[in-house]
Structures are given as C-alpha cells and as structure tokens.
Protein chains: 2
Amino acid sequence: MKRTSLAGDSCPVARALDVFGDWWSLLIIRDASLGRRRFGEFQASLGLAKNILATRLRTLVERGILKTVPASDGSAYQEYVLTPKGHGIFPILVALRQWTEEFDEHPDEIATIMVDRDKGKPVKKLALLSQDGRVLGAADTTLKLRPARKAARRVSA
Amino acid sequence: MKRTSLAGDSCPVARALDVFGDWWSLLIIRDASLGRRRFGEFQASLGLAKNILATRLRTLVERGILKTVPASDGSAYQEYVLTPKGHGIFPILVALRQWTEEFDEHPDEIATIMVDRDKGKPVKKLALLSQDGRVLGAADTTLKLRPARKAARRVSA
DNA sequence: GCATCGGGTTTAATATTGCAACCACACAAG
DNA sequence: CTTGTGTGGTTGCAATATTAAACCCGATGC
C-alpha cells in the first residue's frame with residue numbers, strides 16, 4: 001500500500017501535507033505550541049498509542065519541526081520543542097480553528113477561544129490581503145507558474 | 001486499528017482534522033477549489049486509487065464539504081463542487097502553501113505562486129490580527145474557556 | 001448494436017494503526 | 001546494593017486502511 005509520498009510533488013499544499021499531514025502530527029504540533037514538551041504529556045493529552053507517538057515524534061524531529069532538548073527541569077530526560085519551522089505552523093492551526101468556529105455543526109462543543117494575550121479579546125479572522133491591501137477570497141486569486149529555475153517533478157497544481 | 005475518531009473532541013483543531021484531516025481530503029479540496037469537478041479529473045490529478053477517491057468523495061459529501069451537482073456540460077454524469085463550508089477551507093490551503101513557501105528545503109521544486117487575480121501580484125502572508133489591529137504571533141495569544149452553555153466531551157485544549 | 005469511456009465496485013496483497021505486554025534506564029527508598 | 005516505581009520507549013500481534021488491478025455497467029460514440 002505504501003502511503004504514496006507527496007514529497008516530490010510540486011504543489012506546496014501537497015508538500016506541506018507530506019511533512020505533517022497525517023492523523024496525529026498536527027495535534028502533536030498543537031500540543032507543542034501549547035507548551036507541552038514531554039513524551040508523557042503528549043501521550044496523556046492525545047491518548048494515542050505510545051509506539052505511534054514515538055514514531056511521530058521521531059519523524060517530526062527528522063523533518064525539522066521539533067527538536068529534542070537535553071533537559072529542562074532537573075531530570076536527565078529529554079523534551080521536545082518546536083523549531084522555528086515548527087512555530088511557522090501556527091497560522092495553519094489558527095486557520096483550522098477558525099474554520100471549525102465558523103462551520104462546525106456543534107459549536108457548543110468547542111471548549112476554547114483564541115484571545116489576544118494582552119487585551120484578552122478574541123482575535124480577528126485570518127485575512128488574505130493583496131499587496132495593495134484588499135481582502136481576497138478564493139475567487140480573487142489565481143496561481144501563476146513560478147519563474148522556475150529548475151524543473152519540478154509532477155506538474156499538478 | 002480503528003483510526004480513533006476525534007469527532008467529539010472539544011479542541012477545534014481536532015474537530016477540523018476529523019472532517020478533512022486524512023491523507024487525501026485536503027488535496028481533493030484543493031483540486032476542487034482549482035475548479036476540478038469530475039471524478040476522472042481528480043483521479044488523474046491526484047493519482048490515487050479509484051476506490052479511495054470514491055470513498056473520500058462520498059464522505060466529503062456526507063460532511064457537507066462537497067455536493068454533487070447533477071450535470072454541467074451536456075452529459076448526464078454528476079460533478080462534485082464545494083459547498084460554502086468547503087470554500088471556507090480556502091484559508092487553510094493558503095496557510096499550508098505559505099508554510100511551504102517559507103520553510104521548504106527545496107523551494108525550487110514549488111511550481112506555482114498565488115497571485116491576486118486583478119493585479120497579478122503575489123498575495124501577502126496571512127496575518128493574525130487583534131481587535132485593535134496589532135499583528136499577533138503564537139506567543140501573543142492564549143486560549144480562554146468559552147462561556148460554554150453546554151458541556152463538551154473531552155477537555156484537552 | 002458494438003466498442004469505448006466515464007465512473008465507479010470488488011478482490012487480494014500490503015502497510016499502518018492500535019493495544020498490550022515487555023524492557024531499559026533514572027532516580028528514590030530501604 | 002537491592003528493590004521499587006515512573007518515564008520513555010520497543011516489540012508482537014490483531015484489526016483496519018490503503019493500494020493496485022481486475023471487473024462492472026450505464027452512457028455515449030459510431
């Protein structure tokens with residue numbers, strides 16, 4: 001079955017999904033961005049099998065999303081923290097959150113809202129802006145071929 | 001294996017992933033937002049097995065992301081188009097795209113850039129703003145419990 | 001009416017997930 | 001120093017999902 005890899009795809013969406021598009025990775029990253037760092041914390045929070053957590057953490061480290069730091073509090077164990085590349089995923093988490101807030105069938109089951117830490121007020125919706133500041137919807141955008149210096153493998157959009 | 005469902009989770013990120021967080025759904029949605037509508041178009045573009053495409057399309061329809069429209073051009077076949085709920089996923093696709101643009105190891109393999117349809121200029125990066133217009137990073141936000149009218153099932157973040 | 005195409009379903013092989021049991025090490029107590 | 005316990009995994013096996021390939025069937029096409 002071989003879980004067809006998207007790594008060589010030329011579509012940036014596919015490339016991102018290839019890195020953390022599986023069932024658990026984004027949840028691990030979410031937890032990490034909430035400050036969880038220890039194997040046990042992730043396991044307790046997510047309720048996933050330990051072997052799966054172990055492999056997910058390993059591949060996220062390999063891919064530069066997480067890094068292990070040798071200690072933190074006294075004990076000589078290691079912890080997992082986000083790299084800059086991992087922190088860069090934050091907008092994606094926000095986008096997912098906001099989609100649920102807007103479209104979920106049972107919004108009453110959503111436990112938390114994201115607020116501005118200073119003021120404690122809800123954040124605004126992510127908006128896509130053009131260079132001159134207009135708000136863009138999907139229909140207002142197009143894809144253009146990159147000036148491209150090297151060939152890319154697959155040519156889907 | 002049973003692919004533990006996240007449907008009852010109280011975290012909005014998990015709830016979103018429960019709907020379209022599997023290996024193919026987001027790519028199908030991406031294709032749909034690029035205007036692909038026919039089974040064969042998706043299959044050719046994604047190169048996935050037809051049975052999987054069939055089940056994915058079916059569940060995406062069930063979940064209100066896609067709907068089938070009876071025709072379009074002459075033939076009496078059906079097509080798949082995004083619902084408003086499906087169009088709402090667009091910012092997530094943009095976020096994924098921008099993450100790859102910023103952090104991918106081989107940016108030269110990225111084929112396309114997203115531009116403003118009017119001016120043809122690249123769009124700006126998605127920004128998270130506070131009510132008073134400041135740009136917020138992950139560290140500038142917190143989660144707050146919702147005023148909550150009904151209980152939610154699990155209490156992870 | 002015969003072939004072909006689009007749009008799937010069925011089948012069998014293979015890979016991944018999940019659970020539970022097991023293991024190794026660190027640290028603490030006796 | 002020997003036992004005990006918690007953390008952080010690894011290993012095996014059964015359950016399930018993915019995949020490719022073969023098959024199906026109603027619409028077109030000719």
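Protein chains get the first letters and strands the later ones, always in sequence-line order, with residue 1 at the start of each. No experiment lies behind these values; they were computed from the predicted model shown.
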Worksheet item: Quick one: what's the B/S/- string for nucleotides 5-12 of chain C, heavy-atom cutoff under 4.0 Å, read 5' to 3'?
Response: -SBBBBB-

Worksheet item: Of all the nucleotides listed (D:dT18, C:dG18, D:dA20), which has the minimum atom distance to the side chain of A:W24?
Response: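 The nucleotide sitting nearest to the side chain is C:dG18.
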
Fill in: Qualifying ring pair (Phe, Tyr, Trp, His ring centres under 6.0 Å) pairs with a residue from residues 41-62 of chain A, counting only residues at least two apart or across chains
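Of all non-adjacent pairs touching residues 41-62 of chain A, none passes ring pair (Phe, Tyr, Trp, His ring centres under 6.0 Å).
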
Item to complete: Any ring pair (Phe, Tyr, Trp, His ring centres under 6.0 Å) involving residues 103-125 of chain B? Give me the pairs, sequence neighbours left out, ordered by first then second residue.
Response: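 Every pair satisfying ring pair (Phe, Tyr, Trp, His ring centres under 6.0 Å) with a residue in residues 103-125 of chain B: B:W99-B:F103.
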
Nearest whole angstrom, please: distance from the [atom2] of [N] to the [atom1] of [X].
X: A:D22; N: C:dT17; atom1: CG; atom2: P; result: 7 Å
X: B:L48; N: D:dA17; atom1: CG; atom2: P; result: 17 Å
X: B:I52; N: C:dA13; atom1: CD1; atom2: C1'; result: 14 Å
X: B:L53; N: D:dA20; atom1: CG; atom2: P; result: 13 Å
X: A:R56; N: C:dG18; atom1: CZ; atom2: P; result: 8 Å

Worksheet item: Salt bridge between B:E101 and A:R146, side-chain N to carboxylate O under 4.0 Å?
Response: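 Between A:R146 and B:E101 there is no salt bridge, as every charged N stays at least 4.0 Å from the carboxylate O atoms.
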
Worksheet entry | side chain to side chain donor-acceptor pair (under 3.5 Å) partners of residues 120-134 of chain A, not counting sequence neighbours, each pair once |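 Output for this query lists A:E102-A:K125, A:S130-A:D132, A:D132-A:R134, A:D132-B:K119, A:R134-B:D116.
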
Discussion item. Under the side chain to side chain donor-acceptor pair (under 3.5 Å) definition, can you give me all pairs with a residue in residues 46-69 of chain A, not counting sequence neighbours?
Written reply: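 Only A:D22-A:R56 qualify under side chain to side chain donor-acceptor pair (under 3.5 Å).
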
Fill in: Residues that A:D140 engages under side chain to side chain donor-acceptor pair (under 3.5 Å), provided they are two or more places apart
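Per chain and number, A:D140 pairs via side chain to side chain donor-acceptor pair (under 3.5 Å) with no residue.
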
